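Down below is the structure, laid out as structure tokens.
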Amino acid sequence: MNDRIAKLKSRLMEANDIALANALLYWDQTTYMPSGGAAARARQSAILSRIAHEKLSDPEIGRLLDELQPYADSLPYDSDVAALIRVTRRKYERVIKVPPAFVAELSSHTAESYQAWTGARPDNDFPRVQPFLEKTLDLSRRYAEFFPGYAHIADPLIDEADFGMTAKTISALFTELRGQLVPIVDSITSGQLADDSCLRLNYPEAGQWAFGIDIIRSLGYDFERGRQDKTHHPFTTKFSLGDVRITTRIHEDDLTSGLFSTMHEAGHAMYEQGISRDYESTPLGEGTSAGVHESQSRLWENVVGRSRRFWEHYYPHLRAAFPAQLGEVSLDAFYRAINRVKRSLIRTDSDEVTYNLHVMLRFDLELALLDGRLAVRDLPDAWRERYKEDLGVAPADDRDGVMQDVHWYSGFIGGSFQGYTLGNILSGQFFEAALRAHPEITAEIGRGQFATLLGWLRDNIYTHGSKFTSAELVQRVTGSPLTIAPYLRYLRGKYDDLYPIP
Ligand code: ZN
């Protein structure tokens, strides 16, 4: 039996190593590669995607899984071997349905589409990306069709990112959350907006970079097993559990964009850095779902990083780093500024309360594109209409509209947006569970100490990698299924202090 497990692991490692070498090519493409490298890089990336896919869909893996199944069935559900067989089988059954030629076509298209977006966005040139987006939509539909039997064509894409979820379950959850959020947003934005002009002064890049690095080092991001570089649209990537990298962007006229995206990506990376080394190079060695992943980035970015306690400790340091800009700004004023609730255009820069409205709108647009109710050429107008309806503002151009972020230009249409709001919901639920276990966490954050919180998250969430599904993990860790109540308690508690919510 051990021999078969070793054989399986060695095959999985080979497939995984090729996939992660490909991830390195993507990291390079989005950080340092000169634009002249784009065409060759798209080709190289497509070849590696195809080979990794072929390795993972090798019938020998299917045979080994079949041989190991009776043994796995005799083991406890949460044993590492039982989990390895279970999760590998789920992944294997998925990949064998997708032809390698499709994977190569998708990869090559994605690289070209990303390149087109980086050029078209500054020029506000939607017609330049429209054909790429049309092809992306076609590829997304074709991908879904490899998994017949779905109720909505988005379901296979959603299931892959957030296992067990469907367009229907997510839509129901979002409707419930929207019903609670809209009155909170209305109430807050009907009053006086907080003044955040102190955040929009000139903050030189070097100072912002150094401050961000100091913060994430103290949160617990391990620079011996990672590094940070600059990019257009921040992301986290991994080449092994010993090398989990983050990227950020810094705007000198905006203090918050770089700072909070640095904390956000560090949250994703600490999750991956915390996975048990025993799972390296297997399907267990990665975060379990998009929603759980996002719960960690949002927990560190918002629940911790935008809390008053956090800044009680760090604000004096920030003020010392930028005395000319913040010397006259009180902690209270700064805290209100970084938590200003405003109906705005850009999702990634939006506040915690309105953020979910951006996500829900994108999720609905994805469903409409996929099921044919909306054509790509009509997307910019549909975008403006939905923003007007849901947020009361509409972008003057496509640069800050439909081309505002890399999504849809660097991956499927469908399957990625629900994770952001699931992540917010779960960040509230997980943090409440952490506080139940360790009430001292709140005071520790006020002293710039994060070891208790990080330790709890590692022991309860990170170490398990993909051993448990999102639904299993939430039940184990919090004692209940996914629920919006803790997240709403968190939002109400915080914003009631900042702005009285009736
Ligand atoms: Zn994220």
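Counting convention: from 1, in listed order, for ligands and their atoms alike. Just so it is clear, the model here is predicted, and its values are computed rather than measured.
Annotation: cation-pi pair Arg121/Tyr409 absent, no NZ/CZ under 6.0 Å from the ring centroid and within 45° of its normal. Annotation: cation-pi pair Arg142/Phe102 absent, no NZ/CZ under 6.0 Å from the ring centroid and within 45° of its normal. Geometrically, Arg347 engages Tyr420 in a cation-pi contact, judged by NZ or CZ lying under 6.0 Å from the ring centre and within 45° of the ring axis.
When distances from the Zn ion (ligand 1) to the N, O or S atoms of Glu294 are compared, OE1 comes out shortest.
Taking the Zn ion (ligand 1) as the apex, the angle formed with NE2 of His264 and NE2 of His268 is 100°, to the nearest 10 degrees.
With no hydrogens or angles considered, no side-chain donor-acceptor pair links Glu205 and His251 at under 3.5 Å.
Not one N, O or S atom of Glu265 sits under 2.8 Å from the Zn ion (ligand 1).
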